[in-house]
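Comments concern the structure below.
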Amino acid sequence: MNVSVRGLGKRYGSVRAVNEVTLDVRAGEFLSLLGPSGSGKTTLMMMIAGFEMPSAGKIWVGDRDVTHVAPNRRDVGMVFQRYALFPHMTVADNIAFPLRMRKIAKDETARRVADALAMVQLEGYEKRLPGELSGGQQQRVAVARALVFEPPVLLMDEPLGALDKKLREQMQIEIKRLQQRLGVTVIYVTHDQEEALTMSDRIAVMRDGSVEQVGSPSELYDSPSTSFVADFVGKTNFLDCECRKSNGKGLEISLGKSGLILAQLPPSLKVSPAPGDRMRLAVRPEQIRMLSVEEKVSPALEGIVEAVIFVGSFRTFLVRLAGGELVHVQVHIDHEVSYPREGDRVSLAIPSQAVHVFPAARC
Ligand SMILES: Nc1ncnc2c1ncn2[C@@H]1O[C@H](COP(=O)(O)OP(=O)(O)OP(=O)(O)O)[C@@H](O)[C@H]1O
Ligand SMILES: [Mg+2]
């Protein structure tokens, strides 16, 4: 079932927690809200679930305007950021609760509770009380409880926040599989960009109560529309620079003492930069080519390797440019090739399509 929010806003006194958000989530889509703490993710979810009344705007689930509909009548399941289990009920009763509310037969309820427990790997914990579980186990019970009535729309607010890395990755796969099998529409909150990139069909990046950009993981990664998105999704080098020449399609960019590079003019820039304009450029560490100074291409940036960091089959080279900037270059290691070492002079070639430029004022 699709979910639409139109001009949705929430104020707490003078605080604008959510600011005119318009977002269409397609039926069966997995959409993540990604943003820093305080950017309005939970407030937006609580309004969609019906636990907070919006100050402005409308919410649609399927073809129904649910803005004023009670939470239990919205066809929406929710896993809260702070898991809200019933403390006096056993694990099995907590999970069965939504089924009892919907008057599902006893044997069917027992079967679904057992399936849900297996899904979150908590078989054997049926009779425990929430207070007898670890935080991560409680969170898994909350996930099972939200999924057990197979709602067409599932809202999950940092459901894996309390879990260790290994269990978190297992649960990511389980949730994704389940979402695809059930065809359920999921809106998922995380501030972990890796989690958002691996799980989502699309990601909405939130900042200060607004959605800054919505797109597929690769759209956000390859074409961030603001430096905030470039910074928040994936690793990026940011460099202050100045426009030297602009011909309507491309830019020649000066990094002062560090050298010159070329950039393609991004479609998201509304005003074309003019010579002399201060800007900020972003380039991904894996998109920079590192050459020895002898095989130097033009234009390129020159620098000295300051450190080499091992990351599995990759290496990250920290290169200090002539103007003092530190650039991260990520290289997939081929054992046939010899790589520069600390202290070596290198030349960095940056393909013009890999350079994203932003107006300095928006940074
Ligand atoms: N009940 C409330 N009263 C006043 N201000 C609130 C209330 N709830 C949230 N806020 C404010 O609204 C803003 C958005 O909060 P929200 O909880 O939606 O952020 P979030 O993106 O979920 O953050 P986190 O990643 O830390 O969970 C924050 O500035 C927060 O302080
Ligand atoms: Mg939150």
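Read the numbers this way: they start at 1 and go in the same order the structure lists the ligands and their atoms.
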- request: Evaluate the criterion side-chain hydrogen bond (donor to acceptor under 3.5 Å, both in side chains) for residue pair Asp65 and Thr67; output intermediate values, then yes/no.
  value: CA-CA 6 Å; Asp65 177 350; Thr67 316; 2.5 Å; yes
task: Validate the cation-pi geometry between Lys10 and Tyr12: distance from NZ or CZ to the six-membered ring centre under 6.0 Å, angle to the ring axis within 45°.
output: yes
field: Note: Asp93-Arg100 ion pair, threshold 4.0 Å (strictly below)
entry: yes
message: Just to verify, what does Glu325 make a salt bridge (charged side-chain N to carboxylate O under 4.0 Å, His left out) with, not counting sequence neighbours?
response: none
message: Below 30° counts as parallel, above 60° as perpendicular, anything between as tilted: where do the rings of Phe358 and Phe238 land?
response: tilted
List, one per line, each side-chain donor-acceptor pair under 3.5 Å for residues 241-251, sequence neighbours excluded.
residue : atom : partner : partner atom : Å
Glu242  : OE1  : Arg278  : NH1          : 3.3
Asn247  : OD1  : Lys249  : N            : 3.0
Asn247  : OD1  : Gly250  : N            : 2.8

query: So which protein residues pack against ligand 1 under 4.0 Å, heavy atoms counted?
result: Tyr12, Ala17, Pro36, Ser37, Gly38, Ser39, Gly40, Lys41, Thr42, Thr43, Gln81, Glu158, His191
- prompt: Do we get Arg145 above Phe86's six-membered ring, with its NZ or CZ under 6.0 Å from the centre and within 45° of the axis?
  reply: yes
query: Does the pair Asp164/Arg168 count as a salt bridge with the N-to-O cut at 4.0 Å?
result: no
- prompt: Does any donor atom in the side chain of Thr226 or Glu212 lie under 3.5 Å from an acceptor atom in the other side chain?
  reply: yes
task: Count up the protein N, O or S atoms sitting under 2.8 Å from the Mg ion (ligand 2), would you?
output: 2
